[in-house]
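The figures that follow rest on heavy atoms only: side chains count, while hydrogens, waters and symmetry mates do not.
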Amino acid sequence: MVGPNLADPGAGVASMSHLPRLTGAFVLATFCMALASALLWAWPRPDPLVLARQQPDTEEQWGTGTRVEAASGKAVPDTRELQVGTLRAGLRHLRHAPRATRHAPRATRHAPRAAFAFVTIVMANTVMGAVMTTTPVSMVADGATLTLVGFTISGHLLGMYAFSPVVGRLADRIGHLPTAVAGQAVSIASALLSGLSHGSVAMVMAGLFLLGLGWSFSLVAGSAMLSDATPAALRPGVQGMTDTAMNVVAAVGAGLAGPLMHTLGFGGLNAVAGALVLPVLVFWLFLVRAR
């Protein structure tokens, strides 16, 4: 949350380094990222993934199924159904969603929830990335100072991260699915506020805060749902694929956001961002009807 306000402190660093004024913030950010990487490398000992793999996991049997061994006639786990921790197995788990029924194996019945979580996470990150990256450009074009832009992005980051524990408790209390859907409502409210701001800094700041909060609802609840709906042996592959997809799609969305804002304006861009919530809501209706 402090990062967006490093332009002025960074200017001093840039001056000492004989760099352009605005590059000082990037120098400070690079130092902070290096420090964070060192802490993450040294601090979590033993590795949380190693600990997770040591825990007994009854869920691992969800997707294995059984097959009859020709020699002994015994039913044994069909390891062909579960390629442990691989990206291919995770993709197959998500692709079970369209053909899952109440009589299907347990892993298959959980696959629609995993697929819903995947879509929720990817769409939330795309909406957030597209609007966040273009907001400073829009604000400066409307006459806002870099200080106001910094406070606006800090408020956005406050919404993204500061309330994560509260969102997590809410998800535990009312369920992951309702919390994720609530996140879509918050994102729509954000698009309305920002899209109708017409240069109002207060409305943009409120809209960006809600954008971050909607992202938090979607990511916290979606990640928990994805983990719960995926056998532990498949989680590394599924979560890795989800992280890759959410960042790749968000990068594409951010790249397209500039031309869209140039063509449609900031209000039009927010309208498109609000429309990206619709696939999540349609998928939610599918899950409700499939119960």
Can you tell me how far the [atom1] atom of [X] sits from the [atom2] atom of [Y], to the nearest 0.5 Å?
X      : Y      : atom1 : atom2 : answer
Leu281 : Met123 : CG    : CE    : 12.0 Å
Ser187 : Leu276 : OG    : CG    : 10.5 Å
Ser194 : Met139 : OG    : CE    : 10.0 Å
Leu211 : His156 : CG    : NE2   : 5.0 Å
Met128 : Leu213 : CE    : CG    : 13.0 Å
Leu40  : Met33  : CG    : CE    : 9.0 Å

Closest heavy-atom pair and its distance - [X], [Y]:
X      : Y      : answer
Gly258 : Thr134 : N-CG2, 4.1 Å
Leu264 : Leu269 : CB-N, 4.4 Å
Gly155 : Phe209 : O-CD1, 3.4 Å
Val280 : Phe116 : O-CE1, 3.4 Å
Val122 : Thr126 : O-OG1, 2.7 Å
Asp142 : Gly199 : OD2-CA, 3.5 Å

Sidechain-backbone polar pair: [X] side chain, [Y] backbone, donor-acceptor under 3.5 Å:
X      : Y      : result
Ser190 : Val186 : no
Thr263 : Leu260 : no
Ser227 : Ser223 : no
Thr133 : Ala130 : yes
Ser197 : Ser200 : no
Ser216 : Gly212 : no
Ser218 : Ile121 : no

Open item on the list: I'd like to know whether Asn125 forms a side chain to side chain contact (heavy atoms under 4.5 Å, CB included) with Val249, so could you lay out the CA-CA distance, the side-chain angles of the two residues, the decisive distance to 0.1 Å, and finally the verdict.
Closed with: CA-CA 8 Å; Asn125 205 47; Val249 177; over 6 Å; no
Task: Reference residue Met203; test side chain to side chain contact (heavy atoms under 4.5 Å, CB included); the match among Leu208, Leu192, Leu193 - done: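 Of the listed options, the one satisfying the test is Leu193.
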Please answer: with hydrophobic residues joined when any side-chain heavy atoms are less than 4.5 Å apart, are [X] and [Y] in the same cluster?
X      : Y      : result
Leu19  : Phe31  : no
Leu256 : Met246 : no
Phe286 : Val119 : yes
Tyr161 : Val131 : yes
Leu285 : Met225 : yes

Open item on the list: Before you tell me yes or no, could you show the steps for Thr179 and Arg173 under side chain to side chain contact (heavy atoms under 4.5 Å, CB included), namely the whole-Å CA-CA distance, both residues' side-chain angles and the distance that decides it to 0.1 Å?
Closed with: CA-CA 9 Å; Thr179 304; Arg173 175 163 298 193; over 6 Å; no
TODO: Please assess Asn270 against Phe266 for the test side chain to side chain contact (heavy atoms under 4.5 Å, CB included), listing each intermediate value before the final yes or no.
DONE: CA-CA 6 Å; Asn270 276 276; Phe266 190 57; 3.5 Å; yes
TODO: For side chain to side chain contact (heavy atoms under 4.5 Å, CB included), just list the numbers for Leu170 and Phe217, CA-CA rounded to whole Å, side-chain angles, deciding distance to a tenth of an Å, and then say yes or no.
DONE: CA-CA 9 Å; Leu170 181 66; Phe217 270 72; 3.6 Å; yes
